[in-house]
Amino acid sequence: MVALALTPPSAERLRAVDEFLAEAWTDQARHDDRLRDLAVEVRFDRGVAHLTGEVGEPDDLRLVRDRVGRLAGVLAVWCRVRVGGRDPVVVDLGCGPTKQWPGNLGLDIFPAPGVDAVADLSSTLPLADDSVDVLFTVHILEHLIDFLPLVDEAHRVLRPGGVLHVMSPWWGHVNAVADPTHVRLLDVQTIKGICTQRPPGTPRWYPLHAGCDGASIFADLTPLPPDADGPSPSHLARFFA
């Protein structure tokens, strides 16, 4: 059974965990022939791994993601990595003035510095099918009465192998209810429901990672083709009770 933290870790502990993760990753990359020569930089910030750099093939990026995600203490794996000489298309949904990386495309319902296009996130996204490599929904889903249409839109616009990054307040933390504009409470089990409990015919997701630090929930999801196998029970057991 996956245990959820009841209280968020202190800033001191978060710094210590990041130092441990950096040392563990450096050691792993040094001793794994598949990782040693890949030009990917991995930085840890409060348990979130930030990947930048360049790889030759999509399989190289999948390998790095998977190996980083297996380290104990990693809450999410966020990527902005060039693949085969192509810059990824990265979109921040509901970014306001703050993007996860400066070069991301920012969409929000209100104009603000950093917002590249105004869009109603509860409706159709102004993005073409299979046009985006990475989508960020950081502190967005809790503001939508029904966030599943946005999740379905994310599935439509992501390229095969693309990733949807979710971060939202955990329902058990005061941040979830302190903001009067929050209309939904979320848990890691909500992510399990998105991946395993949608009706037949709706977009399907595979959880690459999911976690909770006692204040926020995190999830990295990749679209599943209609005929692909879903996550195995053993894979789901990594993240969900």
Side-chain angles (χ1 to χ4, degrees), residues 2-14 45-48 50 75-76 78 90-102 104-127 132 134-158 163-198 202-203 205 207 209-221 239-241:
V2 178
L4 298 181
L6 296 179
T7 56
S10 66
E12 181 179 0
R13 185 172 187 275
L14 287 170
D45 183 9
R46 293 170 292 179
V48 176
H50 297 259
L75 295 166
W78 292 1
V90 185
V91 178
D92 262 303
L93 298 179
C95 65
T98 304
K99 297 178 181 179
Q100 304 310 311
W101 276 287
N104 294 356
L105 175 68
L107 271 62
D108 208 328
I109 194 169
F110 298 114
V115 174
D116 299 292
V118 174
D120 182 356
L121 301 184
S122 65
S123 184
T124 303
L125 295 177
L127 300 166
V132 177
V134 178
L135 274 172
F136 281 99
T137 56
V138 176
H139 292 298
I140 295 303
L141 299 188
E142 66 273 15
H143 293 275
L144 301 175
I145 293 175
D146 184 4
F147 58 72
L148 290 176
L150 177 59
V151 172
D152 291 346
E153 275 290 280
H155 194 286
R156 176 184 67 81
V157 305
L158 281 172
V163 180
L164 170 64
H165 296 303
V166 176
M167 180 182 177
S168 286
W170 178 51
W171 70 269
H173 192 270
V174 66
N175 287 348
V177 294
D179 187 337
T181 67
H182 291 177
V183 294
R184 293 296 300 268
L185 298 176
L186 289 91
D187 186 80
V188 175
Q189 297 301 311
T190 311
I191 304 303
K192 181 181 181 182
I194 291 172
C195 296
T196 66
Q197 297 178 19
R198 299 293 306 282
T202 53
W205 294 92
H209 210 87
C212 176
D213 65 358
S216 302
I217 66 162
F218 301 84
D220 303 329
L221 308 177
F239 313 122
F240 310 116

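Side chains included, hydrogens not; waters and symmetry mates left out as well; all remaining heavy atoms used. Quick caveat, the model's predicted, so the values are computed rather than measured.
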Check your understanding: How many angstroms lie between atom CG of Leu75 and atom CZ of Phe218, to the nearest 0.5 angstrom?
Key -> 5.0 Å

Study note, to complete from the structure: Nearest heavy-atom contact between Val183 and Ile145 is CG2-N, 3.5 Å

Review point. Taking side chain as C-beta onward, heavy atoms only, is Val118 less than 4.5 Å from Phe110?
Key: no

**Study point:** Side chains of Thr137 and Met167 in contact at under 4.5 Å (non-hydrogen atoms)
**Key:** no

Review point. With a 4.5 Å limit on heavy-atom distance, are the side chains of Asp92 and Leu135 in contact?
Key: no

Exercise for review: Find out whether Phe147 and Ile194 are in side-chain contact, i.e. whether some heavy atom of one side chain is under 4.5 Å from a heavy atom of the other.
Suggested key: yes

Check your understanding: Less than 4.5 Å apart, any side-chain heavy atom of Ile140 and any of Val166?
Key -> no

Check your understanding: Do you know which two heavy atoms are closest between Pro169 and His182, and how far apart they sit?
Key -> CG-CE1, 3.8 Å

Check your understanding: Taking it one step at a time, do Leu185 and Val177 satisfy side-chain contact (heavy atoms from CB on, under 4.5 Å)?
Key -> CA-CA 8 Å; Leu185 298 176; Val177 294; 4.1 Å; yes

Point to revise | Donor-acceptor under 3.5 Å (Asn104 side chain, Val91 main chain) | key: no

Review point. What's the shortest heavy-atom distance between Gly114 and Cys95, and which atoms?
Key: O-SG, 3.9 Å

Exercise for review: Kindly indicate, with the supporting measurements, whether the criterion side-chain contact (heavy atoms from CB on, under 4.5 Å) is fulfilled by Leu144 and Leu150.
Suggested key: CA-CA 9 Å; Leu144 301 175; Leu150 177 59; 3.7 Å; yes

Revision key, fill the gap. When Phe240, Trp78, Phe239 are each screened for ring pair (Phe, Tyr, Trp, His ring centres under 6.0 Å) with His209, the one that passes is Phe239

Check your understanding: Does Ser10 use its side chain to pair, donor to acceptor, with the backbone of Arg13 at less than 3.5 Å?
Key -> yes

**Study point:** Qualifying salt bridge (Lys or Arg N to Asp or Glu O under 4.0 Å) pairs, either residue in residues 136-158, two or more places apart
**Key:** Asp129-Arg156, Asp152-Arg198, Glu153-Arg156

Review point. Taking all atoms of both residues into account, what is the closest heavy-atom pair of Ile217 and Asp187, and its distance?
Key: CD1-O, 3.6 Å

Check your understanding: Is the shortest heavy-atom distance from the side chain of Val163 to the side chain of Leu158 under 4.5 Å?
Key -> no

Practice item. Would you please name every residue forming a salt bridge (charged side-chain N to carboxylate O under 4.0 Å, His left out) with Asp116, sequence neighbours left out? Key: Lys99

**Study point:** Ser168 (side chain) donor-acceptor with Ser216 (main chain) under 3.5 angstrom
**Key:** no

Practice item. Not counting sequence neighbours, which residues clear ring pair (Phe, Tyr, Trp, His ring centres under 6.0 Å) with His173? List them please. Key: none

**Study point:** Atom of Val48, atom of His50 and distance for their closest heavy-atom approach
**Key:** O-CD2, 3.3 Å

Check your understanding: Is a donor on one side and an acceptor on the other found under 3.5 Å between the side chain of Thr196 and the backbone of Lys192?
Key -> yes

Exercise for review: Evaluate the side-chain proximity of Asp220 to Leu164: yes if any heavy-atom separation is below 4.5 Å, no if none is.
Suggested key: no

Review point. Side chains of Leu105 and Leu107: does their closest heavy-atom pair fall under 4.5 Å?
Key: yes

Revision key, fill the gap. Separation between OG1 (Thr190) and CH2 (Trp171), nearest 0.5 Å, reads 10.5 Å

Check your understanding: Looking only at heavy atoms, which two atoms of Cys195 and Leu221 are closest? And how far apart?
Key -> SG-CD2, 3.8 Å

